[in-house]
Amino acid sequence: MSDATDPWLIVGLGNPGPDYAANRHNVGFMVADLLATRIGGKFKRAQKAQAQVVEGRIGPPGPASQRVVLVKPMSYMNLSGGPVTALRDFYKVPTDHVVAVHDELDVDYGSLRLKLGGGDNGHNGLKSMTKAMGPEYHRVRFGIGRPPGRMQVADFVLKDFSSTERKELAFLVDRSADAVECLLAEGLERAQSAYNS
């Protein structure tokens, strides 16, 4: 079981490369990038895994701040579990101190849901992480809604946010980063009551 001094591994899920940067499937990377900016860090290539990492602290200065490693796997979404598990082991992070930030089809655009454990709901990044280390990690689920009409799910998640969605996107990414910080500082129940919508 984890204790208060254990570090946290915050994993933004996405696909590497400029072609994917603005896709719905890459919202986890967007949140990780914002958290890196907030802690004054820059992503660097990890020594121990196919990923980029930033180390730092989240929270008020002093003993209440939490040691964090922000992670962007560079392995493509469906292979995220390998790099995440390697970094979890390297930094000695308990699985319940791993947080996956990811796009979620079954949550409406503009809504967030935080939870611990559960299924992967067909999300290839979660599927890979769960296969590698079990399901008992936290999730910050960024709602993207369902594809319109008969559009395939794979096409929908690999498209950029629409112009209407982009009007709110910066605010929603900011809110998701706030939710991660609240989860670390105040625990899951407090973060759920503040941010689940």
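Being a predicted model, the structure only gives us computed values, none of them experimental.
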Next item on the list: Test Q52 against M74 for side chain to side chain contact (heavy atoms under 4.5 Å, CB included), laying out the working first.
Entry: CA-CA 7 Å; Q52 292 183 350; M74 292 286 120; 3.9 Å; yes
Next item on the list: Just do the side chain to side chain contact (heavy atoms under 4.5 Å, CB included) check on I39 and I58 with the steps written out, would you?
Entry: CA-CA 7 Å; I39 66 174; I58 283 179; 3.7 Å; yes
Margin query: W8 vs V93, test: side chain to side chain contact (heavy atoms under 4.5 Å, CB included). Steps then yes/no.
Written below: CA-CA 6 Å; W8 287 81; V93 177; 5.8 Å; no
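Atom CZ of R57 sits in a crowded spot, with more than 12 heavy atoms from other residues, nucleotides or ligands closer than 6.0 Å. For K115, the NZ atom is densely surrounded, since the number of other residues' heavy atoms within 6.0 Å is greater than 12.
Relative to the six-membered ring of F156, R24 meets both conditions, a distance below 6.0 Å and an angle of at most 45° to the axis.
At least one donor-acceptor pair closer than 3.5 Å links the side chain of H138 to the backbone N or O of D96. Between the side chain of N124 and the backbone N or O of N78 there is no donor-acceptor pair closer than 3.5 Å. The closest donor-acceptor contact from the side chain of D120 to the backbone of L126 lies at 3.5 Å or more, if one exists at all. When atom types are taken as modelled, the side chain of E165 and the backbone of S162 share a donor-acceptor pair closer than 3.5 angstrom. Counting only distance, with no hydrogens or angles, the side chain of R139 and the backbone of G118 share a donor-acceptor pair below 3.5 Å. Distance alone, capped at 3.5 Å, is enough to place a donor-acceptor pair between the S80 side chain and the M77 backbone. Looking at S197, its side chain does come within 3.5 Å of a backbone N or O of L112 through a donor-acceptor pair. In this structure, S128 contributes its side chain and G81 its backbone to a donor-acceptor pair below 3.5 Å. The backbone N or O of V107 lies less than 3.5 Å from no partner atom in the side chain of S111, so there is not a single donor-acceptor pair. Side chain of E55 to main chain of V69: no donor-acceptor pair is present (N/O by atom type, distance under 3.5 Å, no hydrogens or angles).
With hydrogens and angles left out, the side-chain atoms of E168 and Y109 include no donor and acceptor closer than 3.5 Å. One side chain, Y137 or T130, offers a donor N or O that lies under 3.5 Å from an acceptor on the other. Counting only N and O atoms by type, the side chains of N23 and N15 include no donor and acceptor under 3.5 Å apart.
Under a hydrophobic clustering in which Ile, Leu, Val, Met, Phe, Trp and Tyr are joined whenever their side-chain heavy atoms come within less than 4.5 Å, directly or via other members, L13 and L158 fall into different clusters. Linking ILVMFWY residues whenever their side-chain heavy atoms come closer than 4.5 Å, directly or via other members, places L87 and V98 in the same cluster. When hydrophobic clusters are built by joining Ile, Leu, Val, Met, Phe, Trp and Tyr residues whose side-chain heavy atoms come closer than 4.5 Å, directly or via intermediates, V71 is not grouped with F43.
The line from CD of Q50 to CG of L79 is 8.0 Å long, rounded to the nearest 0.5 Å.
Just one of V99, V84, T95 meets the side chain to side chain contact (heavy atoms under 4.5 Å, CB included) condition when paired with L9; it is V84.
With salt bridges taken as basic N to acidic carboxylate O contacts below 4.0 Å, one links D174 and R38. Residues K42 and D33 are not paired through a salt bridge, judged by the lack of any N-O separation under 4.0 Å between the basic side chain and the carboxylate. Look at D160 and R166 and you find no salt bridge, because none of the NZ, NE, NH1 or NH2 atoms lies under 4.0 Å from a carboxylate O.
Using the six-membered ring where Trp is involved, H123 and H25 have ring planes that are tilted, between 30° and 60° apart.
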